[in-house]
Amino acid sequence: MSFIRTAFAASISIGMLTTSASADGIYYGVGIGVSDAESDPILFTTNTSGATFGTLGGTLGYRWDKGGHFWGTEANLDFGLGADFDDDVTGMSCKTSANGPYYCSQTGTLRLRGLVGTEVGKDLELFGTLGLAAISGDAADNPTTQDPAVNVGLTVGVGLQKQVGKNIHRIELIYDDLSSARTKPVDHPSVYSPEYKAISLNYTLIFGRK
């Protein structure tokens, strides 16, 4: 749990920094992306599950500007599109031929994070993010059955965004390391601890910044 405490402390620190900046206001946006995810069952087997899938997302945040720099806090939610996992060794669908208590699908990933960025060109900004994230989906509890599952952990990202007219176009690379299982099936509570990790490339259109 140390990584969760670290991310939480970092998010608070970023929030404290923003109090000295001039408020710039709320923003929101919609986006699409692609994620490459892997789930490790930790116990029983060396098999892992994985999938590459599209996402549809939404973003809501608050930003402060000061000079050529900015800070912010943000919530980001991505829904998986066709996010059905296969066993990486056998190639079989996790939903019908699972080889461990790993994730078989991703329903959604929620990120709560701080941002800090700076201008790097005309209407162009470079930024980084750090915060907490949670993934919900279905994880195998037997070779052919799954239970709803939730994992939490750390999320980090880096990206570029450019003002075009009244909107911002954002491209971001995100890494989620969600290693803490928060759900425990009744039948196997002591050994159920799947990990979930993903690299995502997201495009977000942010509306009405000016």
Side-chain angles (χ1 to χ4, degrees), residues 1-8 30-59 75-113 129-158 172-204:
M1 300 293 290
S2 60
F3 58 89
I4 297 178
R5 290 193 294 268
T6 300
F8 183 68
V30 295
I32 57 174
V34 60
S35 289
D36 184 38
E38 181 179 271
S39 181
D40 189 336
I42 304 301
L43 298 174
F44 297 121
T45 176
T46 58
N47 293 42
T48 59
S49 66
T52 300
F53 53 91
T55 60
L56 179 64
T59 295
N76 171 262
L77 179 61
D78 285 342
F79 296 100
L81 305 175
D84 294 325
F85 288 40
D86 295 330
D87 187 282
D88 289 330
V89 175
T90 67
M92 301 292 288
S93 170
C94 170
K95 289 187 175 181
T96 58
S97 302
N99 285 282
Y102 42 43
Y103 272 86
C104 294
S105 68
Q106 183 262 26
T107 302
T109 300
L110 174 65
R111 305 178 184 95
L112 304 174
R113 55 195 191 163
T129 66
L130 175 65
L132 300 175
I135 181 259
S136 66
D138 291 326
D141 59 359
N142 279 294
T144 59
T145 61
Q146 302 86 45
D147 272 344
V150 174
N151 268 51
V152 299
L154 176 67
T155 181
V156 295
V158 62
E172 183 181 8
L173 187 65
I174 303 170
Y175 176 65
D176 300 315
D177 185 355
L178 312 182
S179 300
S180 178
R182 308 306 296 172
T183 56
K184 302 289 184 180
V186 174
D187 291 342
H188 312 288
S190 62
V191 296
Y192 186 87
S193 57
E195 292 185 345
Y196 180 94
K197 298 179 181 180
I199 297 176
S200 303
L201 181 64
N202 285 7
Y203 163 77
T204 304

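Side-chain atoms are counted along with the backbone in the values below, which use heavy atoms only and exclude waters and symmetry mates. Residue indices begin at 1 and follow the sequence shown.
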Whether the Ser105 and Asp84 side chains hold a donor-acceptor pair (N or O, under 3.5 Å, no angle test) is what I'd like checked.
no
Partners passing side chain to side chain contact (heavy atoms under 4.5 Å, CB included) against Asp87 (at least two apart in sequence or in another chain):
Asn47, Val89, Thr90, Asn99, Tyr102
Electrostatic pair Asp40:Lys197 at N-O distance under 4.0 angstrom:
no
Distance, nearest 0.5 Å, that separates CD1 of Ile32 from CG of Leu56:
8.5 Å
Can any side-chain N or O of Asp177 pair as donor or acceptor with the backbone N or O of Leu154 at less than 3.5 Å?
no
Ring centroid separation for Tyr103 and Phe85, is it under 6.0 angstrom?
no
CG (Asn76) and CG (Leu110) are apart, to the nearest 0.5 Å, by 8.0 Å
Which distance, rounded to the nearest 0.5 Å, do you find between the OG1 of Thr59 and the CZ of Arg113?
6.5 Å
So, are Arg111 and Glu172 salt-bridged, with charged N and O less than 4.0 Å apart?
no
Shortest non-hydrogen contact from Ala181 to Asn151?
CA-OD1, 3.4 Å
Apply the test side chain to side chain contact (heavy atoms under 4.5 Å, CB included) to residues Leu178 and Val152: give CA-CA distance (whole Å), side-chain angles for both, the deciding distance (0.1 Å), then the verdict.
CA-CA 5 Å; Leu178 312 182; Val152 299; 5.9 Å; no
By salt bridge (Lys or Arg N to Asp or Glu O under 4.0 Å) - contacts of Asp86 (at least two apart)
none
Please name the pair of heavy atoms, one in Gly100 and one in Ala140, separated by the smallest distance, quoted to 0.1 Å.
O-CB, 3.5 Å
Distance in Å, Thr55 OG1 paired with Asp78 CG, rounded so as to fall on 0.5 Å steps:
4.5 Å
Ignoring hydrogens and geometry beyond distance, is a side-chain donor-acceptor pair present between Thr52 and Asp36 at under 3.5 Å?
yes
Thr204 and Asn202: side-chain donor and acceptor closer than 3.5 Å?
no
Rounded to the nearest 0.5 Å, how far apart are OG of Ser136 and OH of Tyr196?
9.5 Å
Are any of the side-chain nitrogens in Asp138 or Lys95 under 4.0 Å away from the carboxylate oxygens of its partner?
no
Over all atoms of both residues, closest heavy-atom pair of Pro101 and Pro194
O-CB, 2.9 Å
Student check: side-chain heavy atoms of Ile199 and Ile174 closer than 4.5 Å:
no
Taking Ser49 for its side chain and Cys94 for its backbone only, find out whether a donor-acceptor pair lies under 3.5 Å.
no
Any heavy-atom pair between the side chains of Phe79 and Gln106 that's under 4.5 Å?
no
